Protein chains: 2
Amino acid sequence: MDQVEVFKALSNKTRLQILNWLKSPATHFPDQPNADFENVGVCVGQIQIKSGLSQSTISEYLSILQRAELINSTRVGQWTYYKRNEEGFAELGKLINQEL
Amino acid sequence: MDQVEVFKALSNKTRLQILNWLKSPATHFPDQPNADFENVGVCVGQIQIKSGLSQSTISEYLSILQRAELINSTRVGQWTYYKRNEEGFAELGKLINQEL
DNA sequence: AATGTATATCGACTTTTCCCGATATGCCAA
DNA sequence: TTGGCATATCGGGAAAAGTCGATATACATT
């Protein structure tokens, strides 16, 4: 886990918001069809709509968060679903408490 | 504590290093004269020398860290001493565990 | 095979960050 | 009060991040 990379990923209001939305997908994305939040998460399009930013920006943001190991993706057909990677958050907590 | 601001402050290798140095000042700054690390911390010049970056850059970095509430400063004569603000780190830990 | 939909990638432009050197400010000593 | 340090601030140039629209890719449906 690259420290600078993870903090950069967290240095943006929209990306922080996305992480927060993904904490309770059923609440924040009630319109996702065939929702299977536990297993796969939320698809890009839903996040994009809710964010109000462009499709390309959100796609980019999601890969930044993924490179930082804060979320995971699963491709199902033409959709890519993203969900939080709680192991990454645990590692981040340890980093803050022990290394910073 | 502004979330984006604190993560931006942490998004830089040199600034992370400074925070780490300030964890054990006696080890990292053995040459500081009249060291009173517990009370005031380490002065700008010592940090600047150790970092290898310019004086203006380090002064700037220290105020970024201070605005993020991660360090405190004390002015004594012509020196400004900086030390870690452990309350800020505690708050950051809480942020990660509870809000992110 | 052709079309439609979801996502990723590309190219461009703007804003922010990274650093520097030069200058200003504040404090101390002669 | 003049000169010398320590630090802060200013102005700028280069690199990175933010954000978009356009295009490419990948899959699904007809």
Side-chain angles (χ1 to χ4, degrees), chain A residues 2-19 22 25 29 31-36 40-68 70-83, chain B residues 2-19 22 25 29 31-36 40-68 70-83:
Chain A
D2 180 318
Q3 298 189 5
V4 171
E5 185 174 47
V6 81
F7 290 129
K8 275 191 175 160
L10 294 170
S11 297
N12 177 284
K13 207 174 172 73
T14 303
R15 289 195 296 265
L16 288 177
Q17 218 157 26
I18 291 171
L19 292 173
L22 293 181
F29 303 96
D31 298 339
Q32 176 164 295
N34 297 326
D36 183 10
V40 293
V42 181
C43 73
V44 179
Q46 294 290 311
I47 298 171
Q48 188 259 310
I49 290 166
K50 197 171 172 74
S51 75
L53 297 184
S54 74
Q55 190 272 321
S56 54
T57 297
I58 294 306
S59 178
E60 168 77 4
Y61 281 10
L62 291 169
S63 48
I64 289 171
L65 289 170
Q66 184 166 35
R67 274 198 300 278
L70 295 170
I71 61 178
N72 291 325
S73 68
T74 314
R75 192 153 239 262
V76 178
Q78 46 197 328
W79 292 274
T80 308
Y81 295 90
Y82 284 92
K83 65 174 192 180
Chain B
D2 179 317
Q3 298 190 3
V4 171
E5 185 175 46
V6 81
F7 291 129
K8 276 191 177 164
L10 293 170
S11 298
N12 176 283
K13 205 175 172 74
T14 303
R15 289 195 295 267
L16 288 177
Q17 216 157 29
I18 291 172
L19 292 174
L22 294 180
F29 303 96
D31 298 340
Q32 177 164 295
N34 298 324
D36 183 11
V40 293
V42 181
C43 74
V44 180
Q46 294 289 313
I47 298 171
Q48 187 258 311
I49 290 166
K50 196 171 174 74
S51 74
L53 296 184
S54 75
Q55 189 273 320
S56 54
T57 297
I58 294 307
S59 178
E60 168 78 5
Y61 281 9
L62 290 169
S63 46
I64 288 170
L65 290 171
Q66 183 164 36
R67 275 198 298 278
L70 296 170
I71 61 178
N72 291 325
S73 68
T74 314
R75 191 150 239 263
V76 178
Q78 49 197 326
W79 292 273
T80 307
Y81 295 90
Y82 284 93
K83 65 174 190 177

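All heavy atoms count here, side chains included; hydrogens, waters and symmetry mates do not. Just so we're clear, the structure is a prediction, and the values are computed from it rather than from any experiment.
- Of the two residues near DNA chain D, A/Gly52 and A/Trp79, the one whose nearest nucleotide lies more 5' is A/Gly52.
- Counting heavy atoms from C-beta on, the side chains of B/Leu10 and B/Leu70 come closer than 4.5 Å.
- D/dA8 atom P lies 12 Å from atom CD of B/Gln48, rounded to whole Å.
- Phosphate contact (OP1/OP2 of D/dA17, side-chain N/O of A/Asn12, threshold under 4.0 Å): absent.
- First and last contacts of DNA chain C with chain A, using any nucleotide atom under 4.0 Å from a protein heavy atom and ordered 5' to 3', fall at C/dG4 to C/dT9.
- Counting only heavy atoms from C-beta outward, the side chains of B/Tyr61 and B/Ile47 never approach each other to under 4.5 Å.
- Across the interface with DNA chain D, nearest-nucleotide mapping of A/Gln78 and A/Thr57 shows A/Thr57 to be the residue nearer the 5′ end.
- Residue B/Ile58 holds its CD1 atom at 9.5 Å from CZ of B/Arg15, rounded to the nearest 0.5 Å.
- If you take CZ of A/Arg67 and P of D/dA16, they are 14 Å apart, rounded to a whole angstrom.
- Counting heavy atoms from C-beta on, the side chains of B/Phe7 and A/Leu16 come closer than 4.5 Å.
- At whole-Å resolution of the value, OH in A/Tyr81 and C1' in D/dA26 are 15 Å apart.
- Across the protein-nucleic acid pair, A/Leu53 atom CG and D/dC20 atom C1' stand 10 Å apart, rounded to whole Å.
- A/Leu62 places its CG atom 17 Å from the P atom of D/dA17, with the value rounded to the nearest Å.
- Using a 4.0 Å heavy-atom criterion, one finds that A/Thr80 contacts the sugar-phosphate atoms exclusively.
- Between A/Arg67 and A/Ser63, the closest side-chain pair of non-hydrogen atoms falls below 4.5 Å.
- Contact annotation for A/Ser63: no contact, since no heavy-atom pair falls under 4.0 Å across all strands.
- Closest non-hydrogen pair, B/Thr80 versus B/Ser73, comes out as CG2-CB, 3.9 Å.
- Here D/dG18 presents its P atom at 12 Å from CD1 of A/Ile58, a figure rounded to the nearest Å.
- Spacing between atom NZ of A/Lys8 and atom P of D/dA15 amounts to 14 Å, rounded to whole angstrom units.
- In this structure, the side chains of A/Lys83 and A/Leu22 stay at 4.5 Å or more apart for every pair of heavy atoms.
- Here the P atom of nucleotide D/dA24 and the CD atom of A/Gln55 are 15 Å apart, to the nearest Å.
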